[in-house]
Amino acid sequence: MIHKRHKDKTILAMHPLPPSSMSTLPSVQEDDEATLNPEPLSSTSTKSKVIESLKLIASVSFLFSSIYTSYYSSNGNVNGNGNDNAGNNVLSSLSSHRRRLSSVHTTPAYMNDLMEELKARNKLFDDTPPEEVKYWFEYTGPLQKYFYRYSKSRGKADYFEGRDDSGVVSARFVSPGGGDEHSSFYNTPDHIIPPNEVPVHYRLLDNCFALGNTKRPNLQPDSEWFQWFGAAAAGSGTSTNTKEAMDRCRILITMNTVGAGKGATMLWETQPPLIHDASPKRWMSEQATAAMHLERNLREVDAMCKTGLMAVRLQVLVCEPIPGVWTDYMDSMLPNCGGQVAPLTKKKEGDGPYGDGIDVDERPSPVQVVVVASASTADTCHDLKSGFMEKRVQDLILAPPYLDKNQDTSKNNFDPNIKMTHPDLVSSDDYDLYIGLKWSSLVTIRSVSSFLQASADIAAAAASPRNQEPPKEDEDGVTVSLNNKPGSPFLIPSFVRVSYVSEENNKVAKWRMHGDFFHPAAWEVCKDSYDLTWINDSLSGNGGVSGICYDKSHPGFTAIQRRLSDDEDDECGQWWIYMAEEQMSLNPEVYANEVSAPLVQGGSNQFWMLTEKHRKEILTVKVCEHNAKDDNGLNQCQENPQAVIPLGDMESFLINFMPNTALGKKHTIGRRPGYSKEDEREQDREL
């Protein structure tokens, strides 16, 4: 949805017709009903027959017009006119609306299902008396069962029945692949995609290349890349050239596994789940084991590789060596990323997971397990409040030179393109996108796609010719001007974790459902810790970073101008949620964040992304701060990045906290979430 901004208010590009315009429609429909059954024509008057025929034709035309306008009045007016008096002239308003739609292309093929659902929803609301509607989302989304406990006496689980239409990807309610819509969109074969929609299907790839690493892999048949992805691309139909593999968006996922377990037992001391199991899986609580959350993340990662657009490497960070069966299990869950499918074997009994040792096959794998602690630091690593693992995730992704005390980090010898981590680590390779997450956070194709698009939108705003000029003195205090100069704000799209109904307490579950629907809670954000800001020209179209607000050569420029009215005060861009403070994490993350703060101010340590360009910019700031000897040196460094979320796509940046244990818990008095000392927070806000 495109947003438009006036000097004193914001108007969505789609909004309903004014009530005054609706009041004239019934009279039109009454006239139509009267003319549908005209009186019999006189056989003695040819002139009257002609007149009555013309009246009949006009009435049918009028009927068609009224049906057309009635349909679009229920779906919203895209005229973008914020004037309530516009309804005084219904015909002119609706005719302008029709002219605007007539210049727009037909509905894209990938939106047909959504349009059918929209029609069904409109019909449902038309047929439902207003007094029977309590919540509009009670009647949307598929009816689903939420199992919250297992009854041993009856041998089955108790459940609530409800719907989830929050728009947030949930591990419980949404199928792997980012949901059915994203899964079908990114797995559509090339020969089915209409030619005019191909750029949209490959926008993720274009954004990734524009913001990623300039060094591309060798795609020739004799390369390792071709051995991994050449045959897959040729078989899936995603590559038109079978002589070389298709280039992909290279993604590194670094996963923090501290705290993953089964009750009080560490996860790696239990047996991994069986992949090929003849019997159906028994219901298991979300708090029973972290294995189910690890499995869901692995399925999402494999779905990314299945699209043929992404090449993902998973780096699993542990405090101590883990059994080889767990490494083989994670590898077998990623067949589309290069893993080996699990054999049809039975579960071994007796020896436990360490019975076969920690060794694995010497073959290429998309999974690398990294032991980040030594014998002396293992206890600190296992401490969830120490921030030890959070710092290791940041260091492996940034690969800064100051990790080696003997390394010269001076400005003349520093190159952000060169990674200073050990070459045996997969993180030392070249990537386009980096994802740091904790095992309890859900990663999806949707979050990757939305992050790349939001990053391209920010980059388009920074390249805008209008934003290169200094801001006006009478700035409204809300608009942020971005450019490529050092003094410009450094904004990076960031994420917030959300929690669904809790299985720890069925009363809490009922409370969150409200009896009929499921809805998540953004439990890591305080209502007064963020604000909204408007960024001019922060819209990017197809083909990578392309400013469709100002680039007249881009095909999307004309479409954007059609959606804007002729008012000179209209501005092209979008609203962004500005994370003014750090996120409100709970125990134990609140303590870990105090030791190892997120790389992005207002961002999250439990789920974050960086493009290669972001990584180099942040690394440059970190090295500058490392070399600074006093406050004057720190003042020469660029400001740390700030977290933002696009308001129009906010739901894609809400990440499911899969254990869902946050609801119903009270915060410790005097130690509010996100802040060790509440008094200091209030003092900072007053300043």
Side-chain angles (χ1 to χ4, degrees), residues 1 107-124 136-147 159 161-194 197-198 200-205 236-238 249 251 280-281 286 292-293 295-310 312 333-337 441-453 495 498 500-501 516-520 648-658 660:
M1 181 180 294
T107 302
Y110 54 85
M111 292 186 61
N112 289 335
D113 294 339
L114 294 177
M115 297 304 296
E116 292 298 325
E117 181 184 1
L118 179 60
K119 292 180 181 179
R121 291 188 182 190
N122 287 332
K123 184 178 185 303
L124 180 61
W136 66 268
F137 31 76
E138 283 187 13
Y139 302 91
T140 58
L143 191 63
Q144 301 172 83
K145 294 180 179 179
Y146 163 51
F147 297 91
Y159 65 88
E161 198 171 50
R163 307 173 190 271
D164 173 41
D165 192 51
S166 63
V168 180
V169 175
S170 164
R172 180 190 292 114
F173 303 124
V174 179
S175 58
D180 295 334
E181 294 85 359
H182 287 78
S183 179
S184 60
F185 177 81
Y186 286 111
N187 287 283
T188 304
D190 283 353
H191 65 275
I192 298 180
I193 303 176
E197 297 178 11
V198 171
V200 180
H201 282 262
Y202 284 89
R203 181 182 288 193
L204 182 150
L205 207 59
S236 62
T238 56
C249 180
I251 302 176
K281 288 186 177 181
E286 290 178 319
M292 59 189 305
H293 309 311
E295 177 182 344
R296 177 55 188 264
N297 264 325
L298 293 174
R299 293 188 182 278
E300 293 288 349
V301 172
D302 188 64
M304 295 181 191
C305 298
K306 186 180 179 181
T307 61
L309 302 177
M310 289 166 274
V312 186
M333 290 293 294
L334 305 176
N336 292 292
C337 298
S441 305
L442 179 63
V443 60
T444 62
I445 298 176
R446 177 179 180 181
S447 58
V448 171
S449 174
S450 298
F451 174 82
L452 290 172
Q453 181 59 48
F495 300 85
V498 297
Y500 275 80
V501 290
D516 294 299
F517 62 91
F518 307 109
H519 202 68
D649 193 24
M650 179 184 65
E651 294 168 347
S652 298
F653 291 83
L654 301 181
I655 301 301
N656 186 201
F657 172 71
M658 291 184 286
N660 293 307

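Side-chain atoms are counted along with the backbone in the values below, which use heavy atoms only and exclude waters and symmetry mates.
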[X] side, atom [atom1]; [Y] side, atom [atom2] - distance, nearest 0.5 Å:
X	Y	atom1	atom2	answer
Glu300	Ser175	CD	OG	8.0 Å
Leu452	Leu205	CG	CG	9.5 Å
Ser170	Leu654	OG	CG	12.0 Å
Met333	Asn297	CE	CG	10.5 Å
Asn122	Glu117	CG	CD	10.5 Å
Phe657	Ser441	CZ	OG	7.5 Å

- prompt: So Asn656 and Val169, side-chain contact (heavy atoms from CB on, under 4.5 Å) or not? Walk me through it.
  reply: CA-CA 7 Å; Asn656 186 201; Val169 175; over 6 Å; no

- prompt: His201 vs Phe185 aromatic rings, parallel, tilted or perpendicular, using cut-offs 30° and 60°?
  reply: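 Geometry flag for Phe185 against His201: parallel rings.
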
Nearest heavy-atom neighbours spanning [X] and [Y]:
X	Y	value
Ala171	Leu442	N-CD2, 3.8 Å
Ala303	Gly177	CB-CA, 3.8 Å
Leu298	Leu334	O-CD2, 3.2 Å
Gly178	Thr444	CA-CB, 4.0 Å
Ile445	Thr307	CD1-CG2, 3.9 Å

Is there a side-chain contact between [X] and [Y] in this structure, where contact means two heavy atoms from C-beta onward sitting under 4.5 Å apart?
X	Y	value
Tyr186	Ser449	yes
Phe495	Val443	no
Arg299	Glu295	yes
Leu309	Cys249	no
Pro108	Val200	no

message: I need the single residue from Gln453, His182, Arg446 that forms a side-chain hydrogen bond (donor to acceptor under 3.5 Å, both in side chains) with Ser652. Which is it?
response: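 Among Gln453, His182, Arg446, the one that satisfies the side-chain hydrogen bond (donor to acceptor under 3.5 Å, both in side chains) with Ser652 is Arg446.
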
- request: Report the C-alpha separation of Glu181 and Asp113 in whole Å, then their side-chain angles, then the decisive distance to 0.1 Å, and conclude whether the side-chain contact (heavy atoms from CB on, under 4.5 Å) test is met.
  value: CA-CA 9 Å; Glu181 294 85 359; Asp113 294 339; over 6 Å; no

